There are 2 protein chains.
Amino acid sequence: MLGLLSEGPASGYDLLKLFDVSLANVWPATQSQLYTELGKLADAGLVDVAAQGPRGRKEYTINERGLAELRHWITDVEPTRVVRSDMLLRVFFLAQVSPEQARSYLRRQAELATKQLEHIASIREFVERGDDNLSVYGRLALEYGLGLAESQRQWAEWAEGQIR
Amino acid sequence: MLGLLSEGPASGYDLLKLFDVSLANVWPATQSQLYTELGKLADAGLVDVAAQGPRGRKEYTINERGLAELRHWITDVEPTRVVRSDMLLRVFFLAQVSPEQARSYLRRQAELATKQLEHIASIREFVERGDDNLSVYGRLALEYGLGLAESQRQWAEWAEGQIR
DNA sequence: TACATCATGTAAGTGGTTACATGATTAG
DNA sequence: CTAATCATGTAACCACTTACATGATGTA
């Protein structure tokens, strides 16, 4: 939320829509959580309600403390080392299903990786022409996703062949 | 827990140690959570306490219902599509810090990927000679991790060069 | 006898999801 | 006037972490 607000004022509703086409691809969250979080940030004094609009709309702005907290999080807080993957977790236990089922599981993962590649391509169009910060840096994140999906596709196809 | 117990009876303590050198690399959890979860599984009737040992040791076994649930989870439950990455989340907001700091962040990620490659190599030795199911399938997961870390290293180095 | 290791648990709190609940405004 | 969209919130629950708490057993 702080990151998105660093690009300019927005309502919870605005942030929700922006979130869905950008950050949701690397950090899913629900409508409920976004609103709750905005409330907490306002209480904590990291964002302000700058204006009220029709339908109870509240326009939030990030303030100095919020910007400081955002920068602190980016530069001083280490990203978590391990990324959770229940896809990979299942792999450890593939001996518990038949070889056919195990191969089917891995084939499905290869297919999902291919779909993911297409999904990223569709987002690409969205972000392609945009010189705002989110678009510029979102493109870097996009390329990561591309490499990841490609790497996963190759691995899943290889792994499928490993099951005897 | 069900997956680990499918390889044979074990105490919470046994599972904890086994967990730390295997599953923890794809799904971190604390000692506290493992014990709590074992208790829940026993209450739910998916595992049984087969024997008691010294120091209050409880040896758990998975039963038919537990095995059925495990297989159901593997074959019928779709892995979550999006994997959370706070590393990638930060990338979206790198415009909020100086170009030097942004490059430094990405360089650090490249270094961490390299370290991760070394870490995986060390686990490899551990798992290398083992014909038990966990070792056999753990090796598949390991190769995934290898590809992922390599992909991340390349991306981070490329991305660093993109910051003007 | 002292230290390492084995061994289990609980309480408080945070992060996150699901489901519910409500209503105003605008465009066709 | 009616449907889509704008717009916000809460309650209950589950997953997970942090910190604390305790004690038995084997081994040097």
Side-chain angles (χ1 to χ4, degrees), chain A residues 1-5 9-21 23-44 46-61 69 73 77-86 89-90, chain B residues 1-5 9-21 23-44 46-61 69 73 77-86 89-90:
Chain A
M1 291 298 97
L2 291 177
L4 292 180
L5 283 172
S11 68
Y13 193 80
D14 293 338
L15 294 171
L16 184 59
K17 282 187 300 172
L18 183 54
F19 183 87
D20 284 339
V21 295
L23 309 186
N25 296 291
V26 307
W27 195 274
T30 60
Q31 171 262 11
S32 188
Q33 200 190 353
L34 299 196
Y35 277 106
T36 307
E37 202 56 44
L38 275 172
K40 282 191 205 167
L41 290 170
D43 287 350
L46 303 179
V47 302
D48 303 312
V49 177
Q52 310 250 147
R55 281 169 291 218
R57 175 187 171 100
K58 292 184 202 165
E59 195 157 72
Y60 291 93
T61 48
E69 172 57 31
W73 174 72
V77 182
E78 283 274 308
T80 51
R81 53 278 84 134
V82 185
V83 171
R84 275 190 174 152
S85 168
D86 61 331
L89 192 54
R90 283 174 177 83
Chain B
M1 289 298 96
L2 291 177
L4 292 180
L5 283 172
S11 68
Y13 193 80
D14 293 339
L15 293 171
L16 183 59
K17 281 187 301 171
L18 183 54
F19 183 88
D20 284 339
V21 294
L23 309 185
N25 297 291
V26 306
W27 195 273
T30 59
Q31 171 260 13
S32 189
Q33 199 189 353
L34 298 195
Y35 277 106
T36 307
E37 203 55 45
L38 276 172
K40 282 190 203 167
L41 289 171
D43 287 350
L46 303 179
V47 303
D48 304 312
V49 177
Q52 311 249 147
R55 283 170 290 216
R57 176 188 170 98
K58 291 185 202 165
E59 194 156 72
Y60 290 93
T61 50
E69 173 58 30
W73 174 72
V77 182
E78 283 274 310
T80 51
R81 51 287 76 137
V82 185
V83 170
R84 277 191 173 150
S85 168
D86 61 331
L89 192 54
R90 283 175 177 82

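Labels below follow one simple rule: chain letters A, B, ... track the order of the sequence lines, proteins then strands, and each chain is numbered from 1. Bear in mind that the values here come from a model prediction, so they are computed numbers and not experimental data.
Put simply, B/Lys40 has no side-chain N or O that comes within less than 4.0 Å of OP1 or OP2 on D/dC14. Between A/Tyr35 and D/dG9 there is no side-chain N or O to OP1 or OP2 distance below 4.0 Å. Between B/Lys17 and C/dT5 there is no side-chain N or O to OP1 or OP2 distance below 4.0 Å. A/Arg84 has a side-chain polar atom (N or O) that falls below the 4.0 Å cut-off from OP1 or OP2 of D/dC16.
Remark: B/Ala42 pairs with B/Val47, B/Tyr60 by the side chain to side chain contact (heavy atoms under 4.5 Å, CB included) rule, at least two apart or across chains. Evaluation of the salt bridge (Lys or Arg N to Asp or Glu O under 4.0 Å) rule for B/Asp20 yields no partner, not counting sequence neighbours. With sequence neighbours excluded, the residues forming a side chain to side chain contact (heavy atoms under 4.5 Å, CB included) with B/Arg57 are B/Ser11, B/Asp14, B/Glu59, listed by chain and number. Residues passing the side chain to side chain donor-acceptor pair (under 3.5 Å) test with B/Thr80 are A/Asp86, sequence neighbours excluded.
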Under 3.5 Å, which donor-acceptor pairs link side chains of residues 26-40 of chain B to any protein atom two or more places apart or in another chain?
unit_1	atom_1	unit_2	atom_2	d
B/Thr30	OG1	B/Gln33	N	3.3
B/Tyr35	OH	B/Tyr13	N	3.4
B/Thr36	OG1	B/Ser32	O	2.7

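B/Met1 pairs with exactly one of B/Leu15, B/Leu23, B/Leu46 by the side-chain contact (heavy atoms from CB on, under 4.5 Å) rule, that one being B/Leu15.
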Per-nucleotide protein contact string for nucleotides 19-28 of chain D, where B marks a base within reach and S marks sugar-phosphate only (heavy atoms under 4.0 Å, - for neither): B---BBB---

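In this entry the distance linking NZ of B/Lys58 with P of C/dG9 reads 3 Å, nearest Å.
Side-chain proximity of B/Arg57 to C/dT17, D/dA15, C/dT8: nearest is C/dT8.
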